[in-house]
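Here the structure comes first, spelled out in structure tokens, and everything after it is commentary.
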Amino acid sequence: MERSWLFCFIILVGCCLMVQIKATESPQYTVMHTESDFEIRFYRETVWMTAPANEISFEKATKDGFHRLFQFSEGANLNYSRIPISWPILTSIVPGAGPLHSSAYFVRLYLPLKFQATPPLPLPELNLEPDSWPSHCIAVRKFSGFARDSNIVKEAEKLATSLSRSPWANNTCSSSDYAYSIAQYNSPFRLIGRVNEVWVDVNGSEENGCKSSLIATQ
């Protein structure tokens, strides 16, 4: 009897959380080029709320960062504003930045249009800060299932291999602060039909179709 009650309680909590974190907005982009296993997108200027996470594990970093961002979205900010959760939840990875060459992580929540101009200030104890992104080009590879420590590096390597065989070879953005990002579009309670992406910044602009000057002259 107790097990049945506990099971029902877990299901109820899960359903409530799924409703609470239902996405309402995503950053806007234009697809500039499409290949069989990746595409090049142009993202417009955006503002994200960022949670640095001092973890060795990508999964732990994402969980810790999202927990703080979720508190922020539920009103843990100086305005007491409720902010709808948007997708994707983006975890950016800076390899070798921490002690013993461990990775550093930044978990990001895209702020809906209503909050882009004046982001609510998070409570100091959450250790969050707004991050303004200029418009830029991104190479994107989709993959399914759960994003895990065991597969994100492989997916990033597959994107790197695809880019090396394309006009965007050697065209990743050297000024980027991180090597790549993992974008997750689904609630953790969704088990099938999951969508994830690897993001890598590339040189170029909207005017030249996200092609660097080197590509444009070829």
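For the residue pair T30 / R44, a side-chain donor-acceptor distance below 3.5 Å is found, with atom types taken as modelled. No donor-acceptor contact under 3.5 angstrom links the side chains of W199 and D201, judged on distance only. Side chain to side chain, S26 and S86 fail the donor-acceptor criterion of an N or O pair below 3.5 Å.
Taking every heavy atom of both residues into account, C210 and I40 meet most closely at CB-CG2, 3.5 Å. For the pair A147 and F58, the tightest heavy-atom approach, listed with the atom from each and the gap, is O-CE2, 3.6 Å. Here the shortest heavy-atom pairing between N186 and G193 reads OD1-O, 4.2 Å. Across all non-hydrogen atoms, the minimal contact from L126 to A76 is CD1-O, 3.5 Å. Here the shortest heavy-atom pairing between T161 and S164 reads O-OG, 2.6 Å. Across all non-hydrogen atoms, the minimal contact from P120 to I83 is CG-CD1, 3.7 Å.
Side-chain contact between C137 and M32 is absent, with no heavy atoms from C-beta onward closer than 4.5 Å. Counting only heavy atoms from C-beta outward, the side chains of W133 and H136 approach each other to under 4.5 Å. Using a 4.5 Å heavy-atom threshold, the side chains of I182 and Q184 count as touching. Counting only heavy atoms from C-beta outward, the side chains of V195 and S144 never approach each other to under 4.5 Å. The shortest side-chain heavy-atom distance between L163 and F38 falls under the 4.5 Å cut-off. No side-chain heavy atom of L90 sits under 4.5 Å from any side-chain heavy atom of V107. When side chains are defined from C-beta on, L159 does not count as touching E155, because their heavy atoms never get closer than 4.5 Å. A 4.5 Å side-chain heavy-atom check between M49 and F72 finds at least one atom pair inside the cut-off.
Atom CD of Q28 has 12 or fewer neighbouring heavy atoms from other residues, nucleotides or ligands inside a 6.0 Å radius. Within a 6.0 Å sphere centred on CD1 of I192, other residues, nucleotides and ligands contribute 12 heavy atoms or fewer. Summarising the local packing, CG of N54 is surrounded by 12 or fewer heavy atoms from other residues, nucleotides or ligands at distances under 6.0 Å.
With D64 contributing its side chain and A61 its backbone, the two residues share no donor-acceptor pair below 3.5 Å. Remark: the backbone N or O of N196 is not paired with any side-chain donor or acceptor of R194 at under 3.5 angstrom. At distances below 3.5 Å, at least one donor-acceptor pair connects side-chain atoms of N77 with backbone N or O atoms of S81. Between the side chain of E25 and the backbone N or O of L113 there is at least one donor-acceptor pair closer than 3.5 Å. Remark: side-chain polar atoms of E45 are not paired, donor with acceptor, to backbone N or O of P134 under 3.5 angstrom. Looking at D131, its side chain never comes within 3.5 Å of a backbone N or O of T50 through a donor-acceptor pair.
Both cation-pi conditions hold for R41 and Y29: the charged atom is under 6.0 angstrom from the six-membered ring centre and inside a 45 degree cone around its axis.
For the atom pair H67 NE2 and T62 OG1, the distance stands at 14.5 Å (nearest 0.5 Å). Atom CZ in F66 sits 11.0 Å away from atom CD in Q71 (nearest 0.5 Å). One finds the CD atom of E35 at 8.5 Å from the OG atom of S162 (value rounded to the nearest 0.5 Å). Here the CG atom belonging to L121 is positioned 11.5 Å from the CD atom belonging to E129, to the nearest 0.5 angstrom. Atom CZ in R68 sits 12.5 Å away from atom CG in L123 (nearest 0.5 Å). Rounding to the nearest 0.5 Å gives a distance of 10.5 Å between CG of L69 and CZ of R108.
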- Query: Do L191 and F146 pass the side-chain contact (heavy atoms from CB on, under 4.5 Å) test, and can you show the C-alpha distance, the side-chain angles, and the key distance before you say yes or no?
  - Reply: CA-CA 8 Å; L191 302 180; F146 283 89; 4.0 Å; yes
- Task: Take R148 and E59, measure what salt bridge (Lys or Arg N to Asp or Glu O under 4.0 Å) needs, and give me the verdict at the end.
- Result: CA-CA 6 Å; R148 304 289 197 192; E59 293 178 56; 3.4 Å; yes
- Evaluate salt bridge (Lys or Arg N to Asp or Glu O under 4.0 Å) for D37 paired with K158, printing each intermediate quantity in order. CA-CA 9 Å; D37 55 352; K158 290 177 182 178; over 6 Å; no
- After noting the C-alpha distance and the side-chain angles of Y180 and V153, does the key distance pass the side-chain contact (heavy atoms from CB on, under 4.5 Å) rule? CA-CA 10 Å; Y180 63 95; V153 174; 3.6 Å; yes
- Message: Pair Y105, S92 - check side-chain contact (heavy atoms from CB on, under 4.5 Å), show working.
- Response: CA-CA 6 Å; Y105 299 92; S92 298; over 6 Å; no
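In the hydrophobic clustering of ILVMFWY residues, with side-chain heavy atoms under 4.5 Å counting as a link, V31 and I138 come out together.
In summary, the aromatic rings of Y110 and W48 are positioned with their centroids under 6.0 Å apart.
Salt-bridge annotation for E74 and R82: present, with a side-chain N of the basic residue lying under 4.0 Å from a carboxylate O of the acidic one.
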